[in-house]
Amino acid sequence: MINTNIQPGDNKAFNPSAMSIDAIEITNHAGQSKFIQNLVVKFELTESLYSPVLQLKLGIKDALNFIEKFPIIGQETINIFLSRNTFEQGVQEIQLPFQIKKYPTFAKPAGENVQVYTIEAISPHGYRSLFKKISRSFKEPAESEIGRIIKEDLEFESNYNVFGNDTSKSRGLINIQTPLQAAEFFRKIAYDENGAPFFLYQAATGDINFTSFSQLFDDKTNPIYNTYVDARNFTKKFQNDESEDYAERSKRILEVASNLNLSKYEQSRTGAFASQNNFLDWSDKSYTRFEFDYDANISATMEPNKVLSSDTEIFAEPLNKLPHQHCEYISVNKLAYGDDLDYGFVKSENIAQTNAYHSLLNTYTHDIKLFGDFNLTPGRKIELKFPKSVDPEEKKALTGDDDNDLFDNSLSGKYLITSVIHTIEGGEYYSDVRVKRDSFSISI
């Protein structure tokens, strides 16, 4: 892969899409290593707020019969080395290990002395998880039990970071399952002092983070990283200032596809606004019920305005007063471990809020294409600005003002990055970013 957007001499990117693939090293079963960056025609690195492992996909164009000469047998590892020197952020570097998972496609075009194939790989700890089962007792909060799984069972060598105060603590047994399945088992019951659930994810830095919704939504603990403008028809140039030109272009939204999940019908079915949560205690055969109310029980939101109006009613009640729209049934056993709580009881304490937070986060979803940036990682907040859908000349005629109030205040605002696909192809680097939010930036 040759990048034509790197300035010679200082190796600085003068185009926001510039990226250097310093090396892609593959090691086979016999410990032999080769650098294959010159065979790679497409590079994709995927990170997601919903995944504790990174995914790597490489498109290979092989005119050297590398598969036979190396050879490749399906037990290879890969190390990637990427770097960038930008006007705004200086030198950035990424070095990550991967274990090859599969070679899903292979072809030999007719009439050409070349073969093309795809390599898919995942983080080593994700690969190792498949080959191990664990089963043991536990008694610590979810954050501690997950940390033990990540560091001890999976021998994870980078950092495991916790952001937020996990208030869940239970006692019980991990049934026979893989380490990552067990980590998800604990993540499901974790919640902070606001009742907000947690995400467990790996970032492109290599670290694994265990972070609560509250931490991600809060502007103090997670300030807005950058502002991006939907300027697909924008043609402004800064001929005499390369850094100003770089900064302006790096903040453009190049492509966008959106899903406005404003259907109260769909969100109600998943417990966003109200739910009935039923708990049967096996120890004394007692039955309890908790009815969740969106207005009363949701505190941490990204924007200040909620997405539900109480003016519209069904059966003479607003939606947040109709708990039968989503029902949960959970068995608990308060006396199973004396003074310690069992897993079912801790889960019952917060199942309603967990369902609501995850459902509400899908209220607005945008898939946007940006110029590549290592710092666009899941868990970060960014601001998006979308122009109003009004002809500029008509707007000027109506208002007499063509500079102010240019943006749609309903769509614009703060968003949470939930996944990023870093793509390098044809010597250019772009980030395909999925962002979501759970609340409105306008009052209803």
Side-chain angles (χ1 to χ4, degrees), residues 45-55 122-123 125-126 129 141-151 154 156 158-168 179-225 270-272 298-303 346-347 349-367 375-382 414-421 433-439:
L45 175 64
T46 302
E47 45 181 336
S48 172
L49 203 58
Y50 302 97
S51 174
V53 299
L54 299 173
Q55 306 276 346
I122 60 174
S123 303
H125 65 278
S129 180
E143 66 176 53
S144 300
E145 295 294 346
I146 291 174
R148 180 183 176 188
I149 291 169
I150 297 296
K151 302 298 288 189
L154 294 177
F156 183 68
S158 295
N159 297 320
Y160 167 68
N161 306 308
V162 177
F163 301 103
N165 180 28
D166 173 22
T167 60
S168 69
L180 286 183
Q181 287 174 331
E184 176 63 10
F185 169 80
F186 287 111
R187 187 204 63 79
K188 288 180 177 179
I189 65 166
Y191 58 92
D192 66 13
E193 62 274 11
N194 296 319
F198 280 72
F199 290 105
L200 180 66
Y201 58 100
Q202 186 178 18
T205 59
D207 292 353
I208 291 179
N209 300 321
F210 186 60
T211 311
S212 75
F213 270 73
S214 298
Q215 292 287 308
L216 296 178
F217 290 172
D218 193 292
D219 288 336
K220 293 181 180 178
T221 57
N222 189 25
I224 293 174
Y225 169 64
T270 53
I298 291 293
S299 56
T301 58
M302 194 172 307
E303 293 282 7
V346 174
K347 184 177 180 180
E349 288 281 273
N350 206 60
I351 185 65
Q353 285 90 337
T354 295
N355 289 337
Y357 274 108
H358 283 291
S359 177
L360 290 167
L361 189 57
N362 293 314
T363 299
Y364 278 176
T365 299
H366 301 290
D367 291 316
N375 294 316
L376 287 168
T377 61
R380 275 206 145 148
K381 283 210 304 278
I382 60 176
K414 293 181 286 187
Y415 286 86
L416 182 69
I417 297 175
T418 58
S419 68
V420 184
I421 303 175
V433 181
R434 173 164 288 183
V435 296
K436 298 182 178 183
R437 75 174 182 195
D438 66 330
S439 44

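Atom CG of L376 sits about 6.5 Å away from atom CD1 of I382, to the nearest 0.5 Å. A distance of 10.0 Å separates CG of L216 from CG of D218, quoted to the nearest 0.5 Å. To the nearest 0.5 Å, atom CZ of residue F163 and atom OG1 of residue T221 are 10.0 Å apart. Once rounded to the nearest 0.5 Å, the distance linking CD1 of I208 with NZ of K151 reads 8.5 Å. Between T167 atom OG1 and N350 atom CG the span is 7.5 Å, to the nearest 0.5 Å. Here the straight-line distance linking atom CG of L54 with atom CD1 of I122 works out to 10.0 Å at 0.5 Å rounding.
Nearest heavy atoms, Y191 versus V346: CE2-O, 3.9 Å. When all heavy atoms are compared, the tightest approach of T354 to P197 is OG1-CB, 3.9 Å. Residue A272 comes nearest to L360 through the heavy atom pair CB-CD2, 3.9 Å, listed as atom of the first residue, atom of the second, then distance. Across all non-hydrogen atoms, the minimal contact from L416 to G379 is CD1-O, 3.5 Å. The nearest pair of heavy atoms linking P378 to T418 is CB-O, 3.9 Å.
Residues satisfying the side-chain hydrogen bond (donor to acceptor under 3.5 Å, both in side chains) test with S359, not counting sequence neighbours, are T270. Partners of F199 by ring pair (Phe, Tyr, Trp, His ring centres under 6.0 Å), not counting sequence neighbours, listed by chain and number: Y50, F213, H358. In this structure D207 satisfies the salt bridge (charged side-chain N to carboxylate O under 4.0 Å, His left out) test with no other residue, sequence neighbours excluded. For D166, the side-chain hydrogen bond (donor to acceptor under 3.5 Å, both in side chains) partners at least two apart in sequence or on another chain are S168. When the side chain to side chain contact (heavy atoms under 4.5 Å, CB included) test is applied to D192, the partners found at least two apart in sequence or on another chain are N194, A196, F198, S212, S214. Partners of R380 under the salt bridge (charged side-chain N to carboxylate O under 4.0 Å, His left out) rule, at least two apart in sequence or in another chain, do not exist in this structure.
Using a 4.5 Å heavy-atom cutoff, the side chains of V433 and S419 are not in contact. E143 places a side-chain heavy atom less than 4.5 Å from the side chain of Y160. Taking 4.5 Å as the limit, every side-chain heavy atom of I421 sits out of range of all side-chain heavy atoms of Q55. The shortest distance between side-chain heavy atoms of R434 and I417 does not fall below 4.5 Å. Side-chain contact between Y357 and I298 is present, with at least one heavy-atom pair separated by less than 4.5 Å. When side chains are defined from C-beta on, V53 counts as touching L180, because their heavy atoms get closer than 4.5 Å. Using a 4.5 Å cut-off on side-chain heavy atoms (C-beta onward), E47 and T377 make contact. E184 places a side-chain heavy atom less than 4.5 Å from the side chain of R187.
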As a quick check of understanding, evaluate side chain to side chain contact (heavy atoms under 4.5 Å, CB included) for Y225 and N375, giving each step before the final call.
CA-CA 9 Å; Y225 169 64; N375 294 316; 3.2 Å; yes
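Here the side chain of H125 pairs a donor or acceptor atom with the backbone of P52 at under 3.5 angstrom. Distance alone, capped at 3.5 Å, is enough to place a donor-acceptor pair between the K381 side chain and the N222 backbone. Between the D438 side chain and the N362 main chain, no donor and acceptor come within less than 3.5 Å of each other.
Within a 6.0 Å sphere centred on NZ of K414, heavy atoms belonging to other residues, nucleotides or ligands number more than 12.
For the 3.5 Å distance criterion, the side chains of S123 and Q202 qualify, holding a donor opposite an acceptor.
Both cation-pi conditions hold for R437 and Y415: the charged atom is under 6.0 angstrom from the six-membered ring centre and inside a 45 degree cone around its axis.
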